[in-house]
Amino acid sequence: MSSTKSTLTLGQRSKLFMQKSPARMAFLIALVLYAITVMISPGSLNASAIGSIVMLTLLLSIASAGQTIVLIGGGMDFGVGAVMSSAAILTTTIMNSQDGRFFPLLFAALAMGATVGLLNGICTVKIGLPPLIVTMAISNVITRMQYVLTQGSPMGYASPSFIKSVTSKLFGLQFLPSIILYGLIIIPLVFYLLNHSRFGKQVYLLGNNPVAARLNGVNINRIQILTYVFSGMFAAFAGMLGAAYMNAARCQIFDEYAYNSLIAVIIGGTSFSGGVGTYTGSIAGSLVMVVLSNLLTAMGLAQPTRNVFMGLIMIVLLIFYNREKKVRQ
Amino acid sequence: MFELRGVDKRFDAVVALNNASLSVEPGEVHALLGSNGSGKSTMIKILAGLVNPNAGEILIDGNPVEIRNGYDSRKLGIATAFQDLSLIPTMSVRDNILLGNEPRNALGFVDQKASDEIINRLLERFQIDCDPDDYVQTLMPSTQTMLEVAKAVALKPRLLLLDEVTAALHYDEIQVLFSVMRELKEEGIAMVYVTHRMNEVFEVCDRTTIMRSGESVITGPMDDFSLDDIVYYMTGQRPDKSKKDVVHMHSDEGREIVLDVKNLSIFPKVHDISLRAHKGEIVGIGGLQGQGQPELIRAILGAIRYEEGEIIYDGEPSTLKSPSKAVKNGMGFISGERNREAIFPARTVLENILAGKVAKGKTFAYMPAKANRAFAQRAVDKYNIVIGSLNHPASSLSGGNQQKLVVARWIAMQPKLLLLDDPTRGVDIHSRLEIHEILKECANEGMTILISSSESEELLSLCDVIYVFYEGCVSAQLTGENKTPEKLVAAMMGMSEDQEIVSTMEAKA
């Protein structure tokens with residue numbers, strides 16, 4: 001093994017490592033990026049800055065949970081951002097600064113997410129349109145509805161107790177935002193779905209070879225639609241937490257999460273062509289995205305320039321993650 | 001004169017051609033005969049430039065030439081009409097025929113007038129009734145086939161290869177084709193004609209080369225051969241006509257009928273098929289490729305719809321609308337189209353073995369990792385699947401082991417009815433025998449097995465009863481002493497208008 005390794009160039013070797021364990025690779029990248037950030041601006045090494053990284057990473061991880069499932073199943077969900085924004089608006093409107101409305105809100109938000117997911121799924125599966133087009137079109141409708149229903153300026157705030165449950169510091173430690181408690185529910189749930197339930201195993205089979213999955217007895221339409229439903233529900237939940245984090249909501253507030261969740265999942269090693277990927281990778285990918293954004297801020301770049309850099313980095317990563325393997329015939 | 005000399009072609013371990021030869025004279029129609037997998041198509045593909053031989057030479061008028069790709073083949077004056085058509089469905093008839101061969105005017109633009117003339121002449125010659133501006137996908141399959149031939153002829157080749165083109169043609173179209181072929185013969189064009197229809201061979205061919213397992217067994221003038229001779233050279237055995245057909249009824253009585261297919265028709269391949277499988281029986285489906293075998297199996301599985309007839313499974317009319325329902329009701333399906341229909345190459349050996357179990361049961365149920373591993377390990381041990389580790393991707397296994405993986409996947413589920421569609425295609429002989437043993441064992445334990453195969457030996461050694469398909473109908477049902485290679489091949493060619501076989505079928509039905 002070592003002899004074959006020595007014949008590989010550095011580029012080939014890093015590519016091999018990336019493909020073999022993309023999650024570990026992503027954590028490594030995040031670490032390096034963070035080290036650079038600290039070198040550029042030593043002030044960013046403090047507990048509250050770390051706390052904010054944890055907060056944003058978890059938010060993106062929860063938003064990416066459904067995206068991971070959808071992508072592994074061979075689809076793509078570009079509606080994550082629109083669902084998040086809508087859920088955030090629902091949160092501030094329903095709660096309107098009043099405590100005791102969490103469960104009605106949870107029900108409404110999840111129902112909204114599930115409905116959007118169902119629509120995405122049915123249009124993709126039954127009409128056979130490319131998922132990118134379907135999910136973009138539907139998310140566009142949802143975004144416009146935000147403006148119609150709120151006249152462009154959503155009212156209200158998340159309730160104080162809900163805000164506290166997301167943003168207070170555990171044990172008074174600055175680097176432990178209490179969103180971690182939500183993470184402790186969502187992350188194991190995703191792992192159960194993907195790795196330990198029959199559903200997850202069917203998703204992997206479907207994504208890897210839909211024809212074989214169907215002939216093998218997997219109800220592929222149902223499973224594919226379910227992946228979108230989950231994506232909508234996880235995005236909606238992320239939108240609720242996001243509203244608590246931001247306190248108030250406006251239209252399209254979390255739209256960038258559509259793009260960010262997709263990149264985070266890809267950085268985490270989930271294949272665009274389906275059938276391959278892990279949620280651990282997506283969490284690592286989320287961390288990379290957040291740390292990278294911090295770094296660009298530390299470099300003193302304005303938002304538009306940061307966006308340009310993010311785009312370029314996305315392209316570079318995609319080249320590296322081009323995982324076309326030779327298949328033995 | 002076109003000649004292939006001592007050609008070898010191997011696809012990994014599978015030997016497709018072994019020292020095969022063919023020589024075609026100008027102005028002759030040369031029949032290339034042989035059963036499935038004997039290497040006919042590979043020969044055609046070598047001349048068409050789609051396959052490069054491992055050894056041997058190609059000579060034209062005595063000069064060695066090299067055909068590396070389709071372009072080389074075309075330049076050397078060879079044109080091919082393929083069985084699965086080389087037309088582009090979304091282009092017009094005109095564009096398809098002239099593709100890459102457009103007449104040009106002085107400025108280098110396509111000469112519309114000249115092309116109209118070429119097209120009209122060609123359509124008239126082949127009596128094809130269509131508008132040159134029709135899209136190919138809107139035409140009938142038989143018209144498309146005629147176009148495929150017309151397109152090849154339009155290239156004005158010196159050697160025309162016709163690969164089973166009549167399979168999709170109607171009787172009058174075949175007559176048109178033959179008259180064109182006779183004209184081409186007059187013009188001194190050499191033709192190689194591949195077909196499974198023996199009456200056509202005698203009607204239109206001058207000489208023949210017969211192939212068997214990759215070797216060219218004999219070449220000679222058509223008049224020197226009788227039908228029996230041809231079957232003999234294709235199988236190595238003479239059909240024995242003295243033996244009486246005896247129906248093999250012993251085990252049927254009192255046994256539960258698991259599957260009863262009645263007068264099934266599936267457009268366009270299956271016309272009228274009836275067959276029956278009892279508990280613990282291995283039922284074979286034989287026939288040349290494309291006689292409706294895969295369609296029947298998929299219809300039973302619920303993967304495709306059927307137009308007419310009835311499928312009774314497990315005593316009740318089957319209303320299965322999808323494979324997932326079929327699997328829930330105790331069916332299993334093993335496909336020989338490994339890469340397309342069976343293997344999940346990026347997933348691990350473990351997940352591949354588990355795929356059957358994954359498909360059946362409550363969607364959100366917990367699947368304990370430990371039990372999964374034990375399940376997969378048992379299957380690997382029991383069926384001698386050679387793997388590196390349960391965690392390696394399935395693509396790391398050899399073809400034979402991949403196929404054993406798929407077999408193990410379903411056997412471990414103990415289905416009531418196991419459907420197999422050419423399960424040992426491209427599988428080495430050792431793995432193949434192992435798979436046969438597994439199937440026999442399962443049948444003895446009461447599993448009902450319906451297997452379609454392109455390999456005659458496989459059917460003969462494995463099955464209690466063989467239904468032979470020909471053009472979407474059952475041409476023979478062979479049991480007991482009737483299960484001979486000669487009878488099987490004869491029935492595959494649709495030659496068994498044998499009253500006795502037909503009457504046994506009726507007696508059974």
Side-chain angles (χ1 to χ4, degrees), chain A residues 1 19-22 69 71-74 125 188-227 229-230 269-278 323-329, chain B residues 11-12 297-298 301-303 322-335 337-348 350-352 354-369 372 393-399 401-402 406 409-410 413 415 419 421 426:
Chain A
M1 200 58 201
Q19 290 182 347
K20 253 188 133 172
S21 176
I69 298 175
L71 228 63
I72 290 174
V125 169
L189 177 66
V190 180
F191 276 115
Y192 174 78
L193 279 176
L194 261 182
N195 302 341
H196 299 286
S197 79
R198 178 168 276 118
F199 168 74
K201 292 180 188 301
Q202 293 193 349
V203 170
Y204 277 103
L205 297 186
L206 162 70
N208 189 208
N209 190 345
V211 176
R214 172 166 181 268
L215 290 173
N216 237 305
V218 175
N219 190 342
I220 60 171
N221 289 353
R222 180 164 168 264
I223 296 297
Q224 186 117 53
I225 291 171
L226 276 175
T227 63
V229 171
F230 277 118
T270 296
S271 158
F272 252 127
S273 46
V276 175
T278 61
R323 37 177 58 250
E324 233 174 276
K325 280 190 196 162
K326 283 193 175 166
V327 178
R328 183 169 177 172
Q329 292 288 324
Chain B
F11 296 101
D12 289 331
I297 288 191
R298 281 160 183 73
L301 189 68
S322 69
S324 71
K325 291 223 177 76
V327 166
K328 284 198 177 72
N329 281 294
M331 285 194 205
F333 174 61
I334 296 172
S335 171
E337 286 253 13
R338 231 181 358 261
N339 293 324
R340 222 173 72 76
E341 299 186 335
I343 281 286
F344 303 96
R347 305 314 307 168
T348 62
L350 176 100
E351 289 170 288
N352 268 277
L354 214 59
K357 215 175 161 182
V358 162
K360 209 175 160 181
K362 288 218 168 65
T363 308
F364 293 104
Y366 176 56
M367 296 189 77
N372 292 344
S395 57
S396 69
L397 305 189
S398 72
N401 278 300
Q402 285 188 11
V406 178
R409 176 192 296 171
W410 282 110
M413 294 297 292
L419 306 166
D421 185 14

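Any value given below was found using the heavy atoms of this structure, including those in side chains, with hydrogens, waters and symmetry copies removed. Naming convention: chains lettered A, B, ... in sequence-line order (proteins, then strands); numbering from 1 in each chain.
The closest donor-acceptor contact from the side chain of Asn208(A) to the backbone of Ala346(B) lies under 3.5 Å. With hydrogens and angles disregarded, no donor-acceptor distance shorter than 3.5 Å links the side chain of Asn209(A) to the backbone of Pro345(B). In this structure a side-chain-to-backbone donor-acceptor pair under 3.5 Å is present from Arg214(A) to Ala303(B). Here the side chain of Arg198(A) pairs no donor or acceptor atom with the backbone of Ala365(B) at under 3.5 angstrom.
In this structure, chain A has a heavy atom under 4.5 Å from the backbone of Ala342(B), while its side chain stays farther away. Of the two parts of Ile223(A), only the side chain, counted from C-beta on, holds a non-hydrogen atom closer than 4.5 Å to a non-hydrogen atom of chain B. Looking at Ile334(B), neither its backbone nor its side chain comes within 4.5 Å of chain A, counting heavy atoms on both sides.
Residue with the most contacts toward chain A among Arg298(B), Glu351(B), Lys360(B): Lys360(B) (heavy-atom pairs, distance under 4.5 Å). Chosen from Val327(B), Asn372(B), Thr363(B), the residue pairing most often with chain A at heavy-atom distances under 4.5 Å is Thr363(B). Considering only heavy-atom pairs separated by less than 4.5 Å from chain A, the leading option among Gly356(B), Ala369(B), Gly361(B) is Gly361(B). When the candidates Leu205(A), Val211(A), Asn219(A) are compared by the number of heavy-atom contacts under 4.5 Å with chain B, Leu205(A) comes out ahead.
Of all non-hydrogen atoms in Gly217(A) and Ser324(B), the two that sit nearest each other are O-CB, 3.0 Å. In plain terms, the two heavy atoms of Asn216(A) and Trp410(B) that are nearest each other are OD1-CZ2, 2.7 Å.
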Exercise. Report the C-alpha separation of Val358(B) and Tyr204(A) in whole Å, then their side-chain angles, then the decisive distance to 0.1 Å, and conclude whether the side-chain contact (heavy atoms from CB on, under 4.5 Å) test is met.
Key: CA-CA 11 Å; Val358(B) 162; Tyr204(A) 277 103; over 6 Å; no
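A distance of 5.0 Å separates CG in Leu215(A) from CZ in Phe333(B), rounded to the nearest 0.5 Å.
Between Phe230(A) and Phe364(B), the ring planes are perpendicular. Angles over 60° get that label, and only those under 30° would be called parallel.
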